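Given the structure is predicted, the values throughout are model-derived calculations rather than measurements.
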Protein chains: 2
Amino acid sequence: MIDSRLLTLRTFASCGTVSTTAELTGYSPSAVSAQLRELQRSLDMQLLVKDGRGLRLTAAGRYLVKRSDTLIAEWESIKAAALRAGDQTPTHFGMGGFSTAASNLLAPLAAHVKRERPGVQVHVLEASPARCLDLLVAERIDLAVVVASQAEVDVDGDPRFEQISLLNDPLDVIVPADHAVAGNGPVTLEELSGEEWITDVPGTPYHDLFTAAFSALGLTPRVSHEAAEWDTSTALVEAGLGIGLVPRLASLEGARNVVRVRIAGQRRPTRKIVAAVRSGSAGSPLITESLAYLRATAQEILASRLDDES
Amino acid sequence: MIDSRLLTLRTFASCGTVSTTAELTGYSPSAVSAQLRELQRSLDMQLLVKDGRGLRLTAAGRYLVKRSDTLIAEWESIKAAALRAGDQTPTHFGMGGFSTAASNLLAPLAAHVKRERPGVQVHVLEASPARCLDLLVAERIDLAVVVASQAEVDVDGDPRFEQISLLNDPLDVIVPADHAVAGNGPVTLEELSGEEWITDVPGTPYHDLFTAAFSALGLTPRVSHEAAEWDTSTALVEAGLGIGLVPRLASLEGARNVVRVRIAGQRRPTRKIVAAVRSGSAGSPLITESLAYLRATAQEILASRLDDES
DNA sequence: TCGATCATGCAGCCATTATGCATGAATGTC
DNA sequence: GACATTCATGCATAATGGCTGCATGATCGA
């Protein structure tokens, strides 16, 4: 409902060049250039000035971008309240999340919504946290479940999003069943720093989490193997080629001869899993309902962990 | 900046049928129908329901229209603040007003702006109060000077506008120089109820004002002649064909052998002249400046009247 | 000075959107 | 009760607007 040219300006503000804006938005550079020119013309305002071979926002442009967040949030809030005022529910509802979230949290949620609201077409989409947020902004989905630290943008501070904490998902070590620490109580990463590790290829969200876990302790693990999916890395562990870190949420169904060992210590690595919605949209009936359901599901997961530990 | 389809919905909300919306917006009925359908599709919301052979807004639709006023006002306010933040002034500035306002208030203002801001292209447009407000909403002009009672819409109560009172413009009687009341002090309309009157054709803003002045006193004047412009009616008065009412602001330059006589009484007819801007836009540099100038001009006019009366 | 990296303008193309007429439904009228 | 009106809407056609791809000019680094 808000003019797309303003959204283009927002993208430009966050990346700084016309070409990159074009890549991010999917337009051609000429289109972005034309849009920005047209925006300035129709607003009768100078938003950009030449700066070397690039462009720079003027004070007016910066201000416009800053306030546009609140404008968009208000629009979302109006939409949500209109649905409530008319006692309506949307016919389409999209949610996105990364792999483990999709299976553990979104799948039950989607089933719940389909059951409670048979008229609603529910759409689940699995994608990386960063991509989920992009899709959220682009209104391709209405709800995202992401790992706060893997989102590239600061979900908490970004005015485009509202964040709802769901649960802290600690990382466990998976080792072969005959490993020295198998069956023990919690171990520290220091104890395992000499091991050969299996992780994902650099540049992936999980790899970043992996290295962050060690560098927080001043350690640099020896990485012997790289695997993209849990099943693969589990197989590598089974084969005795090394050990790995897996989030508690990742089930190891079907994995034989490996053991999950908890990590001890104050600074043990965890993923903070949060739900994110477009600012202002939290009041929309389906979203309010979904967030409540997600919170409940997260509580159940936490409760079942306590049972395990007792 | 706000999607045009939402503006179309607003127009529909105020007039109630697709055909009239088409007339008011300049679209064809099919276009309006398609826009409303598309709006509902993209919002995934039912805004309209069939009602007889027409359409009716749903609760959600009514709510959306109501809140869209605040959204548009916020956007105006953002634009205004962005201009201030960047210390910019628009290059175009449009103002509209009805005849006497245009000459007495807008002409000096336009001259003032041109003098103070040589870079600004000032555009003055003379139109009826009702049309001025339409042009204001359509962003064809940025400032309107209207008669509050002639605007068809309630300028004060309409959230689309902000109103600034300028002055009360009383109506005087113009009579031939040899008329019985010429040169007297104030007269009452009752005294003149037997006269033959000259006014505008029915349906015009001035005619409405004319009849309102009499019906407020329970009188029905005898209308002998109808003239669209002050010059014409003045000529008719000069010719001894009747007498008329003219606002104080209307100068009678060039009129010979006619006399302006003030009207006495508590309920003497006046026009309330106000400046109107789009809600939120009052903070824009040119508008702030212009409103101050208009207020000052109005004060000068009032002051010169006091001088006359002393 | 050369090459790389920008933004921008222009010709051509495609998609979105409006138009005009025909249709169907609902209402009031004689 | 038949007819004329007044609505909204759908479809085929036409036009407008917006995007792409390439060429150009400007700026900066080597």
Original post:
Rounded to the nearest Å, what distance is computed from the CG atom of residue A/Leu55 to the P atom of nucleotide D/dG25?
Top reply: 19 Å
**OP:** Take atom CZ of A/Arg37 and atom C1' of C/dC6, then tell me their distance rounded to the nearest Å.
**Re:** 15 Å
Original post:
Considering residues at least two apart in sequence or located in another chain, which fulfil the ring-ring contact (aromatic ring centres under 6.0 Å, His included) criterion with B/Phe210?
Top reply: B/Trp197, B/Phe214
Subject >> Salt-bridge contact A/Lys79-A/Glu139 (side-chain N to carboxylate O under 4.0 Å) >> reply: yes
Original post:
Roughly, in whole Å, what's the span from CZ in A/Arg56 to P in D/dA26?
Top reply: 20 Å
**OP:** Ignoring the backbone of B/Pro29, work out which of D/dT9, C/dA7, D/dT6 is nearest its side chain.
**Re:** D/dT9
Subject >> Between C/dT8 (C1') and A/Phe12 (CZ): distance, integer Å >> reply: 14 Å
Subject >> Under 4.0 angstrom between A/Ser30 side-chain N/O and C/dG9 OP1 or OP2 >> reply: no
Original post:
Just how far, in rounded Å, is P of C/dA7 from CG of A/Leu9?
Top reply: 14 Å
**OP:** Measure the distance from CG on B/Leu36 to P on C/dT17 and round it to the nearest whole Å.
**Re:** 14 Å
Original post:
For residues 44-52 of chain A, which residues have at least one heavy atom under 4.0 Å from DNA chain C?
Top reply: none
Subject >> salt bridge (charged side-chain N to carboxylate O under 4.0 Å, His left out) assessment of A/Asp69 paired with A/Arg10 >> reply: CA-CA 9 Å; A/Asp69 286 325; A/Arg10 270 157 57 97; 2.2 Å; yes
**OP:** Under 4.0 Å between any heavy atoms, over every strand shown, what does A/Ser28 touch: base, sugar-phosphate, or nothing? Just pick one.
**Re:** base
Subject >> Closest to side chain of A/Thr17, choosing from C/dA7, C/dT19, D/dC19 >> reply: C/dA7
Original post:
Is it the case that A/Thr58 and A/Gln46 place a side-chain donor and acceptor less than 3.5 Å from each other?
Top reply: no
Subject >> A/Val18, nearest nucleotide to its side chain (from D/dC19, C/dA7, D/dA8) >> reply: C/dA7
Original post:
More than 12 heavy atoms of other residues, nucleotides or ligands under 6.0 Å from CZ of A/Arg131: is that the case?
Top reply: no
**OP:** Return the value, rounded to whole Å, for the distance between atom CD of B/Gln35 and atom P of C/dT16.
**Re:** 15 Å
Original post:
Hey, are B/Arg278 and B/Glu162 close enough for a salt bridge, meaning a charged N less than 4.0 Å from a carboxylate O?
Top reply: no
Subject >> Gap between atom CG of B/Leu143 and atom CG of B/Leu125 - 0.5 Å precision >> reply: 12.0 Å
**OP:** Specify the separation, in whole Å, of atom CZ of A/Arg53 and atom P of C/dT8.
**Re:** 15 Å
